[in-house]
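Only one structure is covered here, and it is reproduced in the block below.
Along the sequence shown, residues are numbered consecutively beginning with 1. Owing to the predicted nature of the structure, the values given are computational and were not obtained by experimental measurement.
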Amino acid sequence: MHRALLLTGTAGVGKSTVADALGQVLTARGCVTAVIDTDMLAQFGPPPKPNPGPVRFYDQLKCANLAAVWANFKAAGAQFVVVSAGIDSLTLRQSYVHSLADCEVRLVRLTADDDIVRSRLRQRDTGPRLEQHLRASSGDRRTPTDIEDFTVTNDRAAADAAQRILVLAGWSDHLG
């Protein structure tokens, strides 16, 4: 059985950083692991046409590309995959799960308090992109929903958050 962790949350909560930390922890334990940032799978534009469906164009593109990349990693021997993604609906979660063929999937929502999010955004973004992310983060007060399996507050070192996720996912006792 292959295992997947989907990390989601708003901009600035550290999805990619924690995904990288999880990949490092799993690899250090001898687990063949792929780490995928779905933002990198949809560097394309502008979208060819408006999308009236329940899944937006860029989300469709991310899921299609994720399925192809995961198939390649799986063929190369990966048993674990950690995916950083923005997932905000059950429909989108199902699309991601479908993209991760043959995986037991756990969705983790990362959260952080407003000061931490703003600080992280200011460290990584500038100009209009920073302003866009700051506006989005101040308007998005996501609370746990029924689409994630559990929530982890990312207010510590990424390696600590990664360890907490592995415990909550029930993986820590089964890893080498």
Side-chain angles (χ1 to χ4, degrees), residues 1-49 51 53-110 120 124-125 129 133 147-152 154 157-176:
M1 170 63 75
H2 297 92
R3 294 181 179 188
L5 286 169
L6 290 172
L7 304 183
T8 193
T10 61
V13 297
K15 295 183 298 284
S16 296
T17 304
V18 174
D20 289 342
L22 279 159
Q24 291 170 11
V25 169
L26 290 166
T27 300
R29 291 184 181 183
C31 303
V32 182
T33 305
V35 178
I36 304 167
D37 183 340
T38 60
D39 286 342
M40 298 295 111
L41 298 179
Q43 299 294 313
F44 177 83
K49 60 184 177 203
N51 180 11
V55 178
R56 298 171 298 269
F57 171 80
Y58 286 105
D59 290 324
Q60 289 176 353
L61 186 59
K62 288 174 185 180
C63 288
N65 287 339
L66 176 61
V69 171
W70 170 236
N72 291 331
F73 279 132
K74 192 167 51 169
Q79 294 294 310
F80 295 82
V81 60
V82 180
V83 180
S84 170
I87 302 172
D88 59 4
S89 70
L90 184 56
T91 299
L92 190 53
R93 177 191 170 133
Q94 291 168 336
S95 294
Y96 273 94
V97 168
H98 180 74
S99 298
L100 296 166
D102 302 322
C103 280
E104 171 192 304
V105 178
R106 306 287 284 203
L107 178 65
V108 182
R109 179 167 307 282
L110 293 176
R120 288 177 180 160
R124 90 170 190 205
D125 295 334
R129 185 178 181 107
H133 284 148
I147 68 168
E148 63 266 344
D149 295 302
F150 54 91
T151 299
V152 170
N154 184 23
D160 294 337
Q163 293 290 351
R164 180 75 179 137
I165 289 168
L166 292 174
V167 168
L168 291 172
W171 293 11
S172 61
D173 294 338
H174 306 291
L175 302 176

Check whether any side-chain heavy atom of [X] sits under 4.5 Å from a side-chain heavy atom of [Y], and report yes or no.
X    : Y    : value
P47  : Y58  : yes
F73  : V81  : no
D160 : R164 : no
V152 : L168 : yes
V32  : F80  : no
S172 : R29  : yes
L22  : V35  : no

Can any side-chain N or O of [X] pair as donor or acceptor with the backbone N or O of [Y] at less than 3.5 Å?
X    : Y    : answer
S89  : L92  : yes
N65  : L41  : yes
T8   : A85  : yes
E104 : H2   : no
S84  : D37  : no
W70  : A101 : yes
T27  : V25  : no

Would you please test Y96 and L66 for side chain to side chain contact (heavy atoms under 4.5 Å, CB included) and show each step? CA-CA 8 Å; Y96 273 94; L66 176 61; 3.5 Å; yes

Between the side chains of R93 and D149, is the shortest nitrogen-to-carboxylate-oxygen separation below 4.0 Å, so that they form an ion pair? yes

Give, for atom [atom1] of [X] and atom [atom2] of [Y], the distance between the pair rounded to the nearest 0.5 Å.
X    : Y    : atom1 : atom2 : result
F150 : E148 : CZ    : CD    : 10.0 Å
T38  : K15  : OG1   : NZ    : 8.0 Å
Q94  : C63  : CD    : SG    : 11.0 Å
R3   : L100 : CZ    : CG    : 14.5 Å
I36  : L6   : CD1   : CG    : 10.0 Å
L110 : T151 : CG    : OG1   : 8.5 Å

If every non-hydrogen atom of N154 is compared with every non-hydrogen atom of A161, which pair is closest and at what distance? OD1-CB, 3.7 Å

Determine whether L7 and I165 satisfy the following criterion, side chain to side chain contact (heavy atoms under 4.5 Å, CB included), listing intermediate values before the conclusion. CA-CA 10 Å; L7 304 183; I165 289 168; 4.1 Å; yes

Side chain to side chain contact (heavy atoms under 4.5 Å, CB included) assessment of L107 paired with I147: CA-CA 8 Å; L107 178 65; I147 68 168; 4.1 Å; yes

List the steps and the verdict of side chain to side chain contact (heavy atoms under 4.5 Å, CB included) for V167 and Q163. CA-CA 6 Å; V167 168; Q163 293 290 351; 5.7 Å; no

Tell me the salt bridge (charged side-chain N to carboxylate O under 4.0 Å, His left out) pairs involving residues 59-73, sequence neighbours left out?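 Passing the test, one end in residues 59-73: D39-K62, R56-D59.
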
Once the angle between the rings of F44 and F57 is folded into 0 to 90°, is it parallel (under 30°), tilted (30 to 60°) or perpendicular (over 60°)?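 Rings of F44 and F57: tilted, as their planes differ by 30° to 60°.
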
N72 meets the side chain to side chain contact (heavy atoms under 4.5 Å, CB included) criterion, sequence neighbours left out, with none

